[in-house]
Amino acid sequence: MYLRNTSNEVKDLIEKVNELDKENKMKYILYILDLWDKNQINSLNKTNPDLLDDSIDINIFNPSSIEEYYLVNQIKEYWNIKYNLYQLYLKEYKELIPLFENLSFKEKIDIIVELFLILEHDELLPDNIDGYNIATLITKY
């Protein structure tokens with residue numbers, strides 16, 4: 001299922017995500033997508049890179065990087081309507097959060113690629129969003 005040659009940490013985390021039940025899998029993926037949408041995936045692993053001095057060289061990866069500006073909002077709206085997934089509750093996936101946050105910039109991007117493959121495979125995306133296409137766009141970033 002891996003589109004890239006990924007680290008063992010990425011493979012282990014993806015396996016753990018796949019072991020979650022559907023609701024917790026969606027909530028964990030939503031957590032990561034929110035980080036991605038809010039510029040939290042960046043080369044310096046800073047929590048708020050928008051506040052950094054402009055002279056600092058930082059690579060920020062977000063949906064606009066692949067020209068999918070409203071992708072996360074589309075997925076959230078779809079899940080809110082179809083699955084009533086309005087709130088993010090930390091449950092079984094709580095221990096997976098630091099595993100993601102401790103990954104390198106490249107590994108975080110690899111995780112996002114794999115999560116879109118999971119979403120497509122599990123048919124959790126709206127019909128107008130192709131998870132394989134999004135994953136391919138991300139790999140070209």
Does a side chain donor of either N42 or K108 reach within less than 3.5 Å of an acceptor in the other side chain? no
What are the two closest non-hydrogen atoms of S43 and F105, and how far apart are they? N-CD1, 3.4 Å
Hey, are the side chains of Y83 and Y78 touching, using non-hydrogen atoms and a 4.5 Å cut-off? yes
With sequence neighbours left out, write down each residue that passes salt bridge (charged side-chain N to carboxylate O under 4.0 Å, His left out) with D122, or none if nothing qualifies. K25
Interatomic distance, CD1@I14 vs CD1@I111, rounded to 0.5 Å, equals 4.0 Å
Once rounded to the nearest 0.5 Å, what's the spacing between atom CG of L119 and atom CD of E114? 11.5 Å
Heavy atoms, side chains only, cut-off 4.5 Å: are L13 and Y28 in contact? yes
Among the clusters formed by ILVMFWY side chains lying less than 4.5 Å apart, do L33 and I97 turn up in the same one? yes
Restricting to side chain to side chain donor-acceptor pair (under 3.5 Å), what partner residues turn up for E101, sequence neighbours left out? Y31
Salt-bridge contact E23-K27 (side-chain N to carboxylate O under 4.0 Å): yes
Validation row: E120, L125 side chains within 4.5 angstrom (heavy atoms): yes
In Å and rounded to the nearest 0.5 Å, what is the CZ to OG1 distance from F116 to T136? 11.5 Å
How long is the straight-line distance from CD1 of I29 back to CD1 of I112, given to the nearest 0.5 Å? 11.0 Å
Would you confirm whether D110, through its side chain, and V113, through its main-chain N or O, come within 3.5 Å as a donor-acceptor pair? no
Is N128 atom CG crowded by more than 12 heavy atoms from other residues, nucleotides or ligands, each under 6.0 Å away? yes
Taking S7 for the side chain and V10 for the main chain, is one N or O donor matched with an acceptor at less than 3.5 Å? yes
Would you please name every residue forming a ring pair (Phe, Tyr, Trp, His ring centres under 6.0 Å) with F61, sequence neighbours left out? W36, Y141
Nearest heavy atoms of A135 and L117, plus distance in Å: CB-CD2, 3.8 Å
Under the salt bridge (charged side-chain N to carboxylate O under 4.0 Å, His left out) criterion, do K76 and D37 qualify, and how do the steps go? CA-CA 11 Å; K76 284 171 139 179; D37 197 39; 5.5 Å; no
To the nearest 0.5 Å, how far apart are OG in S104 and CD1 in I109? 8.5 Å
Within this structure, what is the CD-CG distance for the pair E15 and L20, rounded to the nearest 0.5 Å? 12.5 Å
Please confirm whether the backbone N or O of P98 pairs with a side-chain atom of N102, one donor and one acceptor, at under 3.5 Å? yes
May I ask you to test the I60-I41 pair for a side-chain heavy-atom distance under 4.5 Å? no
Answer yes or no: is there a side-chain heavy-atom contact under 4.5 Å between K16 and L99? yes
Are Q74 and L71 side-chain neighbours, meaning at least one heavy-atom pair lies under 4.5 Å? yes
